[in-house]
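Below is one structure, written out as structure tokens; comments come after it.
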Amino acid sequence: MVKHEEWVPPGVDPNTPSIARVYSYLLGGKDHFAVDRAMGDMSLKAVPDGRRSAQANRAFLHRVVTHMMIEAGIRQFLDLGSGLPSDGNVHEVAHAHDPTAQVIYVDNDPMALAHGRALLEDSKASTVIQADVRQPDSVLGNPTVQRLLDFEEPIGLLCLGIFHHLSDEDGPEEVAARFRQAIPSGSVMAISHFFDPGEDDPDISAQVKRNEIVFRLGGGAARWRTRAEILRLLGDFRLLDPGIVPVPEWRPEPGYTVDLQPYTYHTFIACVGVKP
Ligand SMILES: C[S@@+](CC[C@H](N)C(=O)[O-])C[C@H]1O[C@@H](n2cnc3c(N)ncnc32)[C@H](O)[C@@H]1O
């Protein structure tokens with residue numbers, strides 16, 4: 001049950017777990033309720049180093065936003081499934097390089113909207129909208145997105161830890177294609193996604209299938225996809241080096257290490273592509 005002093009923003013159901021709040025719990029954030037902690041603890045039983053895996057994903061976010069700013073000259077970002085504010089948010093990384101860089105956070109969780117608004121109250125160059133990425137036109141046609149993003153200039157499209165929460169019925173390839181089509185040449189799309197090695201590693205693949213069930217039992221949904229399925233999300237974008245790799249292996253800083261079990265290390269992968 002919700003404790004008396006906990007703030008429940010409008011539209012938030014504190015008695016049903018939410019992916020955004022469970023992820024906040026795993027990252028050591030403050031924005032979660034008892035049901036989220038219960039689901040988080042259940043996932044940690046299945047993947048005991050899940051917290052470090054989430055941190056590795058945030059470190060990838062930091063590296064890829066830095067890459068987009070410095071190597072690709074990008075100054076505007078659309079962050080799909082951005083989650084609740086945490087350490088090292090996109091606007092913090094981007095504004096360290098250029099305080100005028102524009103960042104739009106998109107999440108369908110009402111808690112993400114409420115906390116994002118509170119965090120970004122004073123920021124002129126970042127905003128959060130509540131929208132469902134399964135309906136790309138509701139994101140792309142959103143008046144705030146239309147007003148703040150210049151679709152003639154390259155855009156950094158961040159899809160970190162989001163597409164694996166779309167089921168096959170949601171049409172993730174069509175969703176990705178619509179976003180790719182909307183952004184101009186020179187734009188960069190970054191993806192991190194749960195990975196199923198299939199027949200290349202039957203033991204890990206069997207564990208993946210068990211974890212899909214754990215997620216469903218906990219009230220969430222996640223789909224671990226094959227390398228080919230994940231790469232199709234990038235379409236004809238030019239895949240950047242080092243290709244599609246475990247999250248910690250995407251251009252780590254010298255000396256970067258992360259302590260993950262082989263299962264956790266190999267089942268969360270990243271790839272980045274540039275629109276020709
Ligand atoms: C695992 S978190 C990832 C957060 C952040 N992108 C990161 O990588 O650190 C996934 C986020 O996607 C959001 N999400 C899930 N399905 C969504 C949908 N259909 N539309 C918008 N957001 C969604 C969840 O609310 C959650 O905040």
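Heavy-atom basis, side chains included; hydrogens, waters and symmetry copies ignored. Atoms within each ligand, like the ligands themselves, are counted from 1 in listed order.
- At the shortest separation from atom 10 (C) of ligand 1 among protein heavy atoms lies Gly161 O, 3.3 Å.
- Shortest contact from atom 18 (C) of ligand 1 to any protein heavy atom: Asn108 ND2, 3.2 Å.
- Considering backbone and side-chain N/O atoms, Leu160 comes within less than 3.5 Å of an N/O atom of ligand 1.
- Compare Val106, Val22, Asp107 by their heavy atoms: the one nearest to atom 25 (O) of ligand 1 is in Asp107.
- Atoms of ligand 1 lying under 4.0 Å from at least one heavy atom of Asp109, given by number and element, are 25 (O).
- Contact between Ser82 and ligand 1 is present, with at least one heavy atom of the residue lying under 4.0 Å from the ligand.
- Checking Asn211 against Tyr263 by side-chain atom types alone, a donor-acceptor pair falls below 3.5 Å.
- Distance from atom 7 (C) of ligand 1 to its nearest protein heavy atom, with residue and atom name: Tyr23 OH, 3.4 Å.
- The proximity of Ala131 to ligand 1, defined as any non-hydrogen pair under 4.0 Å, is limited to the backbone.
- Ring geometry for Trp250 versus Phe60: interplanar angle over 60°, hence perpendicular rather than tilted (30 to 60°).
- The His165 neighbourhood of ligand 1 comprises atoms 1 (C), 10 (C), with distances under 4.0 Å to a heavy atom of that residue.
- Not one N or O on the side chain of His266 forms a donor-acceptor pair closer than 3.5 Å with the backbone of Pro246.
- Side chain of Asp170 to main chain of Arg134: no donor-acceptor pair is present (N/O by atom type, distance under 3.5 Å, no hydrogens or angles).
- Contacts of Asn57 with ligand 1, taken as heavy-atom pairs under 4.0 Å, involve the side chain alone.
- The protein atom (non-hydrogen) at minimum distance from atom 19 (N) of ligand 1 is Asp132 OD1, 2.8 Å.
- Ion pairing of Asp168 with Arg225 is present here, as a side-chain N (NZ or NE/NH1/NH2) and a carboxylate O approach within less than 4.0 Å.
- The nearest protein atom to atom 14 (N) of ligand 1, hydrogens excluded, is given as Ile162 CD1, 3.5 Å; this is a heavy-atom distance.
- The distance criterion of under 3.5 Å between nitrogen or oxygen atoms is met by Arg58 with respect to ligand 1.
- Using a 4.0 Å cut-off between charged side-chain N and carboxylate O, Arg251 and Asp241 make no salt bridge.
- Panel note: side chain Glu92, backbone Asn89; a donor-acceptor pair is recorded below 3.5 Å.
- For Val133, heavy-atom contacts with ligand 1 shorter than 4.0 Å involve the backbone as well as the side chain.
- When only interatomic distances are considered, the shortest N/O to N/O separation between Gly81 and ligand 1 falls below 3.5 Å.
- Side-chain contact annotation: Asp196 with Thr226, donor-acceptor N/O pair under 3.5 Å absent.
- Seen from the ring of Phe163, Arg223 does not count as a face-on cation partner, given the 6.0 Å and 45° thresholds.
- Gln181 and Arg178 share a donor-acceptor pair across their side chains, judged by distance under 3.5 Å alone.
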